[in-house]
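For reference, the structure is listed below as structure tokens.
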Amino acid sequence: MNNKIINGYIKEVKKNLSCKKSESIFYTALLNDGINGFADEKENFTTEDLYKEFGTPESFAAKLLSNEDYHSLLKKAKKKALIWIIVAVAAIIVSVFCIHMASEMLSDLGGTITITDSFITGEALEQLK
């Protein structure tokens with residue numbers, strides 16, 4: 001019985017969310033966690049009990065969409081993700097450059113690089129010799 005009430009409430013909140021699908025999924029997950037915590041504390045509850053705790057689906061959705069803290073946190077998270085992507089790309093570029101320089105140093109010294117990668121075969125292997 002409680003699952004029907006919970007699913008119905010979440011469905012109504014989803015209908016009232018006018019945001020991106022990814023944000024809707026995020027909000028729904030938050031709501032689901034909150035309702036499950038409520039359900040753990042209060043085993044038998046009615047729709048009215050849910051409305052008293054969380055508000056109507058319309059008002060709950062409006063609160064979520066007007067939450068400025070969430071939007072500012074989302075912007076910060078996107079900036080952090082972009083920074084991490086830039087750092088990862090820079091690390092890859094530096095790694096490739098270091099490998100290239102090591103290869104050049106070995107060839108200047110008359111050393112050799114042995115490739116043991118089983119994916120390099122045939123024509124590519126001949127070019128490396």
Exercise. Any side-chain heavy atom of Tyr27 within less than 4.5 Å of one from Leu31?
Worked result: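 Tyr27 does not reach Leu31 side chain to side chain.
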Exercise. Do the side chains of Val13 and Thr28 get nearer than 4.5 Å, heavy atoms only?
Worked result: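 No - every pair of side-chain heavy atoms lies 4.5 Å or more apart.
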Exercise. Taking the six-membered ring for Trp, are Tyr9 and Phe54 parallel (under 30°), tilted (30 to 60°) or perpendicular (over 60°)?
Worked result: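 Aromatic pair Tyr9/Phe54 classed tilted.
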Within the distance-only criterion (no hydrogens, no angle test), does the side chain of [X] pair as donor or acceptor with the backbone N or O of [Y] below 3.5 angstrom?
X: Asn36; Y: Asp33; result: no
X: Ser103; Y: Ile99; result: no
X: Ser59; Y: Gly55; result: no

For this session: Drop me the distance from Asn7's CG to Lys14's NZ, to the nearest 0.5 angstrom.
Result: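 Rounded to the nearest 0.5 Å, the CG-NZ separation comes out at 9.0 Å.
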Exercise. Atom CZ in Phe26, atom CG in Leu17: separation rounded to 0.5 Å?
Worked result: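 Between atom CZ of Phe26 and atom CG of Leu17 there are 12.0 Å.
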Could you report the tightest heavy-atom contact between [X] and [Y], atom names first, then the distance?
X: Ala39; Y: Ile6; value: CB-CD1, 4.2 Å
X: Phe45; Y: Leu50; value: CE1-CD1, 4.1 Å
X: Phe38; Y: Glu53; value: CD1-CG, 3.6 Å

For this session: Verify the cluster assignment for Tyr51 and Ile35: are they in a single hydrophobic cluster under the rule of side-chain heavy atoms below 4.5 Å apart?
Result: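 Yes.
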